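Please read these numbers as outputs of a predicted model, since none were measured by experiment.
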Amino acid sequence: MREKKGLPSGLIQLALSGLLCTGLVCRSPRIRSLFFLPICLLYVYGLLFVTSKSREADFVFKLNITEFIFRASDFLLLCDVQRDLRHNSQEKAIGDSPLKERWWWALRLLASPRGIGWNFEPTSHLPSRPSRKDMPSKQSRRRYILNQVFWIAVYLAIWRLASHWNRTNPRFPRNIMPTTSESVVFPWWWRATVWATIVDSYAFMTLTHSAMSVVAVSLCISDPQDWPPIFASPLEAYSVRRYWGRMWHQLFRRFLVSHSNYIVHRLCLPPNSKIRTYSKLFLAFLISGLIHCAGDYGYLEKFSSGAILYFLLHACAITIEDGVIGLAKRAGLRNHLGWKLVGYFWVVLWFSIVLPNWMDSRLHRMSSD
């Protein structure tokens, strides 16, 4: 059994959030940047010296604090957050407001990683949401809460089924290495069963998001319109680019874009050039790989390059997709249902090829615990 070490992970996450909030309310950008050092030190402690008795909890904890360090870097170092980021309800820059209002502003900013209701909301990459004019407020809230409670029950069942399959997948019998079990017993198409891990994440994040929205809407902290679905319809994912840019959650988009923009700017890559565009693409997937690599460290108790390679391969796939689509447009081919079906098949095939190379070691460890 794993031994619990260090401070409670919840306490570390609370301390990190407190440090970042305190930094965000400071008017001076120079003083704000100083808060990044204690945040980094606490992050390193949490990553390397804190474990719990649950591998799953450690995976989520170390992934979350690594995502947090990039978010803190974005807000404290890469932009003048009080000048550049503004909630749609603001009439003036938050730096001119009293301390109490700046605290509330900072809390709202941290509570909205997708930028819902902010000037950096990626509206073209998020699922559509009803207008505030569509329904009266009370009816809207009541109907929304009942609807979300229903979907929480549905996704809870889906999540439990997917989690059970991941733990009992016959590709990963106890005490047998994953390479042996796969190559000797099962044909290659069994690799597609790894899609259960995607369903697992999709269902768990959806029900968590729905539960949070029910609490917030019930307490009148926010409105139903402030909670667009965390994922778009899977029907949006008929290319790898659309899978990541439209269907999947956009929780990392803000800091992935800001860090990749900063790096290509420092490298002085030509603006509006292909090399700049695709450098940003690869940098964004590299950062995402590093974040998930930290989660793997929490689960496997060792650093592995599987997540980094996995995400960089997706950048390669998108680059190839763009080339193929560009050639198809030049040939006069139009987007229609037939090509979408080809796209769905391609996405399923692609993930079935590359995802097991990252996930199999974790699934084998899961089935052995």
- Message: If the condition is ring-ring contact (aromatic ring centres under 6.0 Å, His included), which residues does F70 pass it with, not counting sequence neighbours?
- Response: H259

Can you confirm whether [X] is buried at [atom1], in the sense that more than 12 heavy atoms of other residues, nucleotides or ligands lie under 6.0 Å from that atom?
X: R27; atom1: CZ; answer: yes
X: M212; atom1: CE; answer: no
X: F120; atom1: CZ; answer: yes

What side-chain donor-acceptor pairs closer than 3.5 Å can you find for residues 146-158, not counting sequence neighbours?
from: N147; atom 1: OD1; to: W151; atom 2: NE1; distance (Å): 3.4
from: Q148; atom 1: OE1; to: S210; atom 2: OG; distance (Å): 2.9

- Is the centre of the Y43 ring less than 6.0 Å from the centre of the F68 ring? no

- Message: Between F75 and F255, is the ring centroid distance below 6.0 Å?
- Response: no

For [X], enumerate each residue passing the side-chain contact (heavy atoms from CB on, under 4.5 Å) test, keeping only those at least two apart in sequence or located in another chain.
X: L327; result: none
X: V50; result: I12, Y45, F61
X: D84; result: C79, D80
X: S305; result: none

Review item, side-chain donor-acceptor pairs of residues 279-295, under 3.5 Å, at least two apart:
from: S279; atom 1: OG; to: I275; atom 2: O; distance (Å): 2.5
from: K280; atom 1: NZ; to: N261; atom 2: OD1; distance (Å): 3.2
from: H292; atom 1: ND1; to: S288; atom 2: O; distance (Å): 2.8

- Message: Could you check whether T51 and D58, counting side-chain N and O atoms only, form a donor-acceptor pair closer than 3.5 Å?
- Response: no

- Item | S222 side chain to W227 side chain, donor-acceptor N/O pair below 3.5 angstrom | yes

Between [atom1] on residue [X] and [atom2] on residue [Y], distance to nearest 0.5 Å:
X: D296; Y: M359; atom1: CG; atom2: CE; answer: 7.5 Å
X: S33; Y: L78; atom1: OG; atom2: CG; answer: 11.5 Å
X: S218; Y: Y144; atom1: OG; atom2: OH; answer: 9.5 Å
X: L14; Y: S9; atom1: CG; atom2: OG; answer: 11.5 Å

Taking the side chain as every heavy atom from C-beta outward, state whether [X] and [Y] have any atom pair closer than 4.5 Å.
X: P229; Y: T206; answer: no
X: F231; Y: H209; answer: no
X: V25; Y: I94; answer: no

For [X], enumerate each residue passing the side-chain hydrogen bond (donor to acceptor under 3.5 Å, both in side chains) test, keeping only those at least two apart in sequence or located in another chain.
X: S89; result: H87
X: R276; result: none
X: Y297; result: none

- Check each of F351, W165, Y202 against W195 using the ring pair (Phe, Tyr, Trp, His ring centres under 6.0 Å) test, and report the only one that passes. F351

- Query: What heavy-atom pair brings K62 and L48 nearest, and what distance separates the two atoms?
  - Reply: NZ-N, 4.4 Å

- Closest contact, heavy atoms only, P270 versus S273: O-OG, 2.5 Å

Side-chain donor-acceptor contacts of residues 341-348 below 3.5 Å, not counting sequence neighbours, with atom names and distances?
from: Y344; atom 1: OH; to: L235; atom 2: O; distance (Å): 2.5
from: W346; atom 1: NE1; to: E321; atom 2: OE2; distance (Å): 2.6

- Of all residues at least two apart in sequence or in a different chain, which pass the salt bridge (charged side-chain N to carboxylate O under 4.0 Å, His left out) check with R254? D74

